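In what follows, a structure is listed as structure tokens, so that the remarks can point back to it.
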Amino acid sequence: MDVFKYAMQMELDGKAYYEKMAAQAENELVKNILTDLAKDEQKHYNIFKRFSEGDFSEVEEFRGGSTRVLTNAKNIFQKLSSSGQTFDFGKDLRKTWLQAQEIEKKSEDFYREKATAEKNAQVKKTLGIIADEEHKHWVLIENVLHFLDRPKQWLEDAEWNNMESY
């Protein structure tokens, strides 16, 4: 199996999932987070395509690519939290985010497993970087879930303040 072709399909599937969630999102700010995640998945797909063609020149660009998404999400949730609105997020929304988080975890696990088995040092390093980016998405979704559970206390959560270190 060509790991990069498989990864490309995983990223397209993730993009489609986030786009579907964004289309269903009632809150414009939450829709923005989902749209950013979909864009990140497309960016990952494009980079994997180059990797599958033997072009590893963007490995370092890939590292930290999710930082913008994390920063934007933090800003969005700060706006939501400080708006003074009362939030009532149904169980369906939480379930949808849990499914998204599961997708990110499976992706991270897949890339870590493939990195362990990889002989080529550059491909091994690349797969590790990709796994790290998927982990950042998982952390972002974890914070979304915390916000859904406790919107008023969310900003005080120490995890959010350390997200950039993931």
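No experiment lies behind these values; they were computed from the predicted model shown.
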(message) Just verifying a value: how many Å separate K114 NZ and T126 OG1, rounded to the nearest 0.5 Å?
(response) 15.5 Å
(message) If you count heavy atoms of other groups shown closer than 6.0 angstrom to NZ of K20, is the number above 12?
(response) no
(message) Holding to salt bridge (Lys or Arg N to Asp or Glu O under 4.0 Å), I want the full list of residues that pass it with E19, two or more places apart in sequence or in another chain.
(response) K15
(request) Would you check if E102 and K106 make a side-chain contact, meaning some heavy-atom pair closer than 4.5 Å? (result) yes
(request) Check whether any side-chain heavy atom of W97 lies under 4.5 Å from a side-chain heavy atom of M21, and answer yes or no. (result) yes
(request) Please name the pair of heavy atoms, one in G128 and one in A115, separated by the smallest distance, quoted to 0.1 Å. (result) N-CB, 4.2 Å
(request) Nearest 0.5 Å please: distance from the NZ atom of K43 over to the CG atom of D36. (result) 11.5 Å
(message) I want to check something: taking the side chain as every heavy atom from C-beta on, are Y18 and D40 in contact at a cut-off of under 4.5 Å?
(response) no
(request) For the pair V3 and F51, evaluate side-chain contact (heavy atoms from CB on, under 4.5 Å) and give the outcome as yes or no after the intermediate values. (result) CA-CA 10 Å; V3 67; F51 290 168; over 6 Å; no
(request) Taking salt bridge (Lys or Arg N to Asp or Glu O under 4.0 Å) as the test, write out the residues that go with K49, two or more places apart. (result) E53
(request) State which residues pass side-chain hydrogen bond (donor to acceptor under 3.5 Å, both in side chains) with Y17; sequence neighbours excluded, sorted by chain then number. (result) Q99
(request) Return the set of residues passing side chain to side chain contact (heavy atoms under 4.5 Å, CB included) with K105 (not counting sequence neighbours), or none when no residue passes. (result) E108, D109, W138
(request) Would you indicate whether the side-chain heavy atoms of F4 and L127 approach each other to under 4.5 Å? (result) yes
(request) May I ask you to check whether E11 and Q42 show a side-chain donor-acceptor distance below 3.5 Å? (result) no
(request) Would you give the length of the straight line joining atom CG of L37 to atom CG of L140, rounded to the nearest 0.5 angstrom? (result) 5.5 Å
(message) Below 30° counts as parallel, above 60° as perpendicular, anything between as tilted: where do the rings of H44 and H137 land?
(response) parallel
(message) How close do K31 and A22 get, counting heavy atoms only, and between which atoms?
(response) CE-O, 3.1 Å
(request) Report yes if the side chains of L12 and E41 come closer than 4.5 Å at any heavy-atom pair, otherwise no. (result) no
(message) In the structure I gave you, are the side-chain heavy atoms of I130 and F48 within less than 4.5 Å of one another anywhere?
(response) yes
(message) Test of understanding: with salt bridge (Lys or Arg N to Asp or Glu O under 4.0 Å), list the residues that count as partners of E118, not counting sequence neighbours.
(response) none
(message) Quick one, D13 and I103 - any side-chain contact, counting heavy atoms below 4.5 Å?
(response) no
(message) Salt bridge or not between R112 and D132? Use side-chain N to carboxylate O under 4.0 Å.
(response) yes
(request) Compare all side-chain heavy atoms of R50 with those of I47 and state whether any distance is below 4.5 angstrom. (result) yes
(message) Under the rule for salt bridge (Lys or Arg N to Asp or Glu O under 4.0 Å), what residues qualify as partners of K5, not counting sequence neighbours?
(response) none
